Amino acid sequence: MTVSTQDAGVRRLPVILLTPDLTIQPGPWSERQYIVRANYMEAIREAGGLPLILPYEEETIDAALALADGVVITGTTPGVEVEPQRRDFERALVGRVLDAGKPLLGICHGMQLIGEFLGGTFVADLPKTGGGVIPHKPSEVPDHLAHAIFVDPESKLALLLGETETSVNSLHLHRLGGDGRFRVVASAPDGVIEAFEGLTSGFCLGVQWHPEYRLTGFDQDILQDFVERCVAQHERL
């Protein structure tokens, strides 16, 4: 979906900001790198958005949000806690996005960080019992479906899915726990939170799996719905 601009022949794509990971190489501090897997960018573009990488510059958040129609907090290396520079920046960003009421999507680490910001608890390990052994990190690349999830029939996700059970990929060793300003709307058989909807003024969704791999129509629908909400947000302003 696109939005026309006043310039004849130019069509405005909804601008979606994505947070990158930070890799710190041995050697000079100047050689650290911002990295986002290409499939995040491809998935947002395929859904109709214009994806842009947002550097960790807190003083530019308001200016960036003035240009943006939505924000995605991306994942990171499973089982590795993010650099404090990233966590501090993303927490500041999430607060400003929620204040602005713009659509916010968290994927994997992004879901955990947003959920923690909303009052949940970051948990560094997975359940040892209950629901059998669930493969939350079955391989290094989540390019196949790993386990089932159960979706709340009253949720927005269930409306997209059209049913209450499906299978998703998985690539994580941490999880979100506790309660907060969010409603848990999907869980794995072992009770791990797989998705929440924020109890916030603007659209806020967190998913523990990686829909950017687009393994199912459900993954594609999640991203399409997010981009369409970003378009609607832009049209309201």
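These figures come from a predicted structure and were not determined experimentally. Just so you know, these numbers use all the heavy atoms, side chains as well, and skip hydrogens, waters and symmetry mates.
In this structure, Y40 contributes its side chain and P51 its backbone to no donor-acceptor pair below 3.5 Å. T164 places no side-chain N or O within donor-acceptor distance of the main-chain N or O of D152, the cut-off being under 3.5 Å. Between the side chain of R181 and the main chain of T200, no donor-acceptor pair closer than 3.5 Å is present. Remark: side-chain polar atoms of T60 are not paired, donor with acceptor, to backbone N or O of A63 under 3.5 angstrom. D69 places a side-chain N or O within donor-acceptor distance of the main-chain N or O of V15, the cut-off being under 3.5 Å. E212 places no side-chain N or O within donor-acceptor distance of the main-chain N or O of M41, the cut-off being under 3.5 Å. Under the 3.5 Å distance criterion, the side-chain polar atoms of T77 are left unmatched by any main-chain donor or acceptor of V80. Listed for the K102 side chain is a donor-acceptor partner under 3.5 Å among the backbone atoms of A68. Although no hydrogens or angles enter the test, the distance criterion places no donor-acceptor pair under 3.5 Å between the side chain of N169 and the main chain of D143.
Side-chain contact between I193 and Q208: absent, with no pair of heavy atoms (C-beta onward) separated by less than 4.5 Å. Contact of the R175 side chain with the L126 side chain is registered, since non-hydrogen atoms from C-beta on lie closer than 4.5 Å. L98 places a side-chain heavy atom less than 4.5 Å from the side chain of L118. Side-chain contact between V36 and P20 is present, with at least one heavy-atom pair separated by less than 4.5 Å. The shortest side-chain heavy-atom distance between H210 and C108 falls under the 4.5 Å cut-off. Counting only heavy atoms from C-beta outward, the side chains of R96 and R91 never approach each other to under 4.5 Å. W209 places none of its side-chain heavy atoms less than 4.5 Å from the side chain of L171. Using a 4.5 Å heavy-atom cutoff, the side chains of Q85 and E58 are not in contact.
One distance of note links CG of L93 with CG of L65; it measures 6.0 Å at 0.5 Å rounding. Remark: T216 OG1 to Q220 CD distance equals 7.0 Å, nearest 0.5 Å. Expressed to the nearest 0.5 Å, how far CD1 of I53 lies from CG of L17 amounts to 11.0 Å. A distance of 8.5 Å separates CD in E83 from OH in Y56, rounded to the nearest 0.5 Å. R45 contributes atom CZ, which lies 7.5 Å from atom CG of L50 (distance to the nearest 0.5 angstrom).
With sequence neighbours excluded, the residues satisfying side-chain hydrogen bond (donor to acceptor under 3.5 Å, both in side chains) with D225 are R229. Checked against side-chain hydrogen bond (donor to acceptor under 3.5 Å, both in side chains), Y213 has the following partners two or more places apart in sequence or in another chain: R37.
E194 and S187 share no side-chain donor-acceptor pair at under 3.5 Å.
In plain terms, the two heavy atoms of H174 and A124 that are nearest each other are CD2-O, 3.2 Å. Heavy atoms only, all atoms of each residue included: A148 and P189 are closest at O-CD, 3.2 Å. Contact record, G70 with C230: CA-SG, 3.6 Å, taken as the closest heavy-atom pair. Here the shortest heavy-atom pairing between G101 and S201 reads CA-OG, 4.2 Å.
With D21 as the partner, the salt bridge (Lys or Arg N to Asp or Glu O under 4.0 Å) test is satisfied by one option alone out of R86, R32, R87: R86. Between I114 and the choices L105, V71, V94, the side-chain contact (heavy atoms from CB on, under 4.5 Å) rule is met once, by V94. For the side-chain contact (heavy atoms from CB on, under 4.5 Å) criterion with V185, the lone passing option out of V207, I149, L157 is L157.
Classification of the F182-F196 ring pair by plane angle, with boundaries at 30° and 60°, yields tilted. Aromatic ring pairs are classed by plane angle as parallel below 30°, tilted from 30° to 60° and perpendicular above 60°; the pair F226 and F203 is tilted.
The 12-atom threshold is exceeded at CG of D99, counting heavy atoms of other residues, nucleotides or ligands nearer than 6.0 Å.
Taken together through direct or relayed side-chain contacts under 4.5 Å among Ile, Leu, Val, Met, Phe, Trp and Tyr, V82 and L18 form parts of separate hydrophobic clusters.
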- Message: Between Q224 and E46, is the side-chain hydrogen bond (donor to acceptor under 3.5 Å, both in side chains) condition met? List the steps.
- Response: CA-CA 8 Å; Q224 184 72 48; E46 183 181 282; over 6 Å; no

